[in-house]
Amino acid sequence: MTLFYHFDETQPLAGRLAMGVEYDGSRFCGFQRLKHAASVQQAIEDALAKVAGAPVRIHASGRTDSGVHATRQVIHFDPPVQRTEKAWIFGANTNLPRDVAVRWVKPVSDDFHSRLGALGRRYRYIFLNQISRPVLERANVTWCRDPLDADAMHRAAQALVGEHDFSSFRAAGCQSKTPWRQMHFVEVKRHGPLVVIDIQGNAFLHHMIRNIAGALASVGRGVQDEGHIERLLALKNRRKGDVTAPACGLHFVDSIYDERFELPKEPLGPNLLAFTGEWTGERVLPESPRVAARRRLTFSKQAKPEQQETSS
């Protein structure tokens, strides 16, 4: 995928479809559909239903929390009718609110599943580290007016890499059956006034990244030393953990799948970090028994994969 290309408006797309979605989560109570509040899932399903002229149910690569943003949320659905690439993208975007947009759509085989087939998920947490409060960036960064030592934060964060029990970083209401997760990498870098936590793993617990960001900020501000993260991991107790960082600074930027699906490549977001020049899929995915097992999973239209796993 290049930055500019023409959407096909002649060939109807058949079979299961994967779709890339971007959204500002500020006014949503998370991605997952809720009965009592606005959700990204409901907005997308309602828009796609208008294009299809029939109900559409989607499955997503991850369930982001209330107020969290995404630049590459990957969804899939089995459309009740065939439409062209242009019809799905333009039609959906016409019917979506201004804070949600479809970026691309692609036919995939029936063994693709956006959530259960994901080999890794990547987030970026952004601190705007300056004395004055943000104005133009206020909805998608977390303001920290105390100086942050990004190098110390990076060194402390290396304790998170690998497979660990992340009980100290999970929310009290987390529904996952296990606190164990595998982190592929964690990097903390400063780009001018921006301090960015770049983290990728097989999956994440409820509020896990925001709790990690809060703890790393304590290290960056000098309130805690560089052994803080390692000690929290060893405690396996959220009650003894650090603060939870605000949702506004968190961005879901990538979901990684087996190469055979050939999903579009695109620049990693958010656009505040476009100058880094990195695109999705450029990094080599660390192989592990968990990743190998995910590569072997297959899913069909007849199966009900949502009953097979509850983690996101």
Side-chain angles (χ1 to χ4, degrees), residues 1 15-21 31 58-64 70-78 104 106-124 157-167 169-170 174-187 197-206 208-209 212 229-230 233 236 252-266 268 278-312:
M1 178 178 178
R16 180 166 291 179
L17 299 178
M19 185 173 275
V21 180
F31 181 88
I58 64 173
H59 301 268
S61 53
R63 295 175 291 182
T64 50
T71 58
R72 187 179 165 91
Q73 171 74 275
V74 177
I75 67 172
H76 85 265
F77 61 100
D78 297 316
W104 51 263
K106 183 184 186 300
V108 288
S109 58
D110 287 352
D111 63 346
F112 177 85
H113 194 282
S114 56
R115 180 166 63 90
L116 301 184
L119 305 178
R121 297 168 175 88
R122 185 170 175 179
Y123 286 80
R124 285 172 165 177
Q158 300 319 296
L160 300 168
V161 178
E163 191 158 359
H164 304 285
D165 179 335
F166 285 93
S167 293
F169 299 98
R170 71 186 301 187
C174 182
Q175 298 177 356
S176 177
K177 295 179 180 178
T178 173
W180 285 83
R181 294 292 186 270
Q182 182 184 40
M183 295 301 102
H184 301 156
F185 63 79
V186 187
E187 297 174 352
I197 302 170
D198 201 338
I199 182 168
Q200 180 177 297
N202 71 305
F204 295 90
L205 302 165
H206 191 203
M208 177 174 160
I209 301 176
I212 288 173
I229 303 301
E230 186 173 9
L233 268 178
K236 302 177 184 179
F252 184 13
V253 300
D254 202 6
S255 190
I256 302 160
Y257 300 90
D258 191 275
E259 293 79 6
R260 72 181 186 275
F261 297 118
E262 297 182 332
L263 295 189
K265 306 294 185 182
E266 55 187 329
L268 285 178
E278 188 172 359
W279 286 49
T280 179
E282 286 188 349
R283 300 199 185 198
V284 176
L285 188 69
E287 291 297 331
S288 69
R290 188 186 297 273
V291 170
R294 280 290 178 97
R295 290 188 188 277
R296 293 192 297 268
L297 290 177
T298 59
F299 310 94
S300 67
K301 295 179 182 179
Q302 290 73 35
K304 295 184 179 180
E306 65 273 11
Q307 298 177 356
Q308 300 176 22
E309 182 177 312
T310 58
S311 65
S312 61

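When a residue number appears, it is its place in the shown sequence, counting from 1. If you're wondering where the values come from, they're calculated on a predicted model, not measured in any experiment.
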| Looking only at heavy atoms, what is the nearest atom pair of Tyr257 and Ser61, with distance? | OH-CB, 3.1 Å
| Can you name the side chain to side chain contact (heavy atoms under 4.5 Å, CB included) partners of Thr71, sequence neighbours left out? | Glu22, Val253, Pro270
| task | Go through the side-chain N and O atoms of Gln182 and Ser288 and say whether any donor and acceptor fall under 3.5 Å apart. | result | yes
| query | Taking all atoms of both residues into account, what is the closest heavy-atom pair of Leu233 and Ala159, and its distance? | reply | CD1-O, 3.2 Å
| Arg294 side chain to Leu116 main-chain N or O, any donor-acceptor pair under 3.5 Å? | yes
| query | Arg122: what forms a salt bridge (charged side-chain N to carboxylate O under 4.0 Å, His left out) with it, not counting sequence neighbours? | reply | Asp198, Glu278
| task | Evaluate the side chain to side chain contact (heavy atoms under 4.5 Å, CB included) criterion for residues Ile197 and Ile209: first the C-alpha distance (whole Å), next the side-chain angles of each, then the deciding distance (0.1 Å), finally the verdict. | result | CA-CA 9 Å; Ile197 302 170; Ile209 301 176; 5.7 Å; no
| request: Only counting residues at least two apart or in another chain, list the ones meeting ring pair (Phe, Tyr, Trp, His ring centres under 6.0 Å) with Phe185. | output: none
| note | So CZ of Arg181 and CE of Met208: to nearest 0.5 Å the spacing works out to 7.5 Å
| task | Locate the shortest heavy-atom distance separating Lys106 from Glu262; write the atom from each residue and the value. | result | CE-O, 2.8 Å
| query | Taking only residues two or more places apart in sequence or in another chain, which ones pass side chain to side chain donor-acceptor pair (under 3.5 Å) with Thr178? | reply | none
| What residues, two or more places apart in sequence or in another chain, satisfy side chain to side chain donor-acceptor pair (under 3.5 Å) together with His184? | Gln200
| request: Kindly compute the distance separating NE2 (His164) from CD1 (Ile229), expressed to the nearest 0.5 Å. | output: 11.5 Å
| remark: Hits for salt bridge (charged side-chain N to carboxylate O under 4.0 Å, His left out) against Arg296, two or more places apart or cross-chain, chain-then-number order -> none
| request: With sequence neighbours excluded, tell me which residues meet side chain to side chain contact (heavy atoms under 4.5 Å, CB included) with Val161. | output: Gln158, Val186
| field | Contacts of Glu187 that satisfy side chain to side chain donor-acceptor pair (under 3.5 Å) - sequence neighbours left out | value | Arg283
| task | Could you pull out all residues at least two apart from Glu282 that satisfy side chain to side chain donor-acceptor pair (under 3.5 Å)? | result | none
| field | Sequence-distant partners of Phe31, ring pair (Phe, Tyr, Trp, His ring centres under 6.0 Å), two or more places apart | value | none
| query | Where the side chain of Arg170 meets the backbone of Ser176, is there a donor-acceptor pair that is under 3.5 Å apart? | reply | yes
| field | Spacing of Ser114 atom OG and Met19 atom CE [to the nearest 0.5 Å] | value | 12.0 Å
| task | Describe, in one word, how the ring planes of His76 and His59 are oriented to each other, choosing from parallel (under 30°), tilted (30 to 60°) and perpendicular (over 60°). | result | parallel
| Given the rule in the side chain to side chain contact (heavy atoms under 4.5 Å, CB included) test, do Gln73 and Ser255 qualify, once you have shown the distances and angles that lead to the verdict? | CA-CA 7 Å; Gln73 171 74 275; Ser255 190; over 6 Å; no
| note | For Ala18 and Phe112 the tightest heavy-atom approach is CB-CE2, 4.0 Å
| said: Restricting to ring pair (Phe, Tyr, Trp, His ring centres under 6.0 Å), what partner residues turn up for Tyr123, sequence neighbours left out? | reply: Phe204, Phe252
| Can you tell me how far the CD1 atom of Ile199 sits from the CG atom of Leu160, to the nearest 0.5 Å? | 6.0 Å
| request: Give, for atom CZ of Arg290 and atom CG of Leu119, the distance between the pair rounded to the nearest 0.5 Å. | output: 12.0 Å
| request: Quick one: list whatever passes salt bridge (charged side-chain N to carboxylate O under 4.0 Å, His left out) with Glu230, sequence neighbours left out. | output: none
| note | Value for CZ (Phe166) from CD1 (Ile212), rounded to nearest 0.5 Å, stands at 5.5 Å
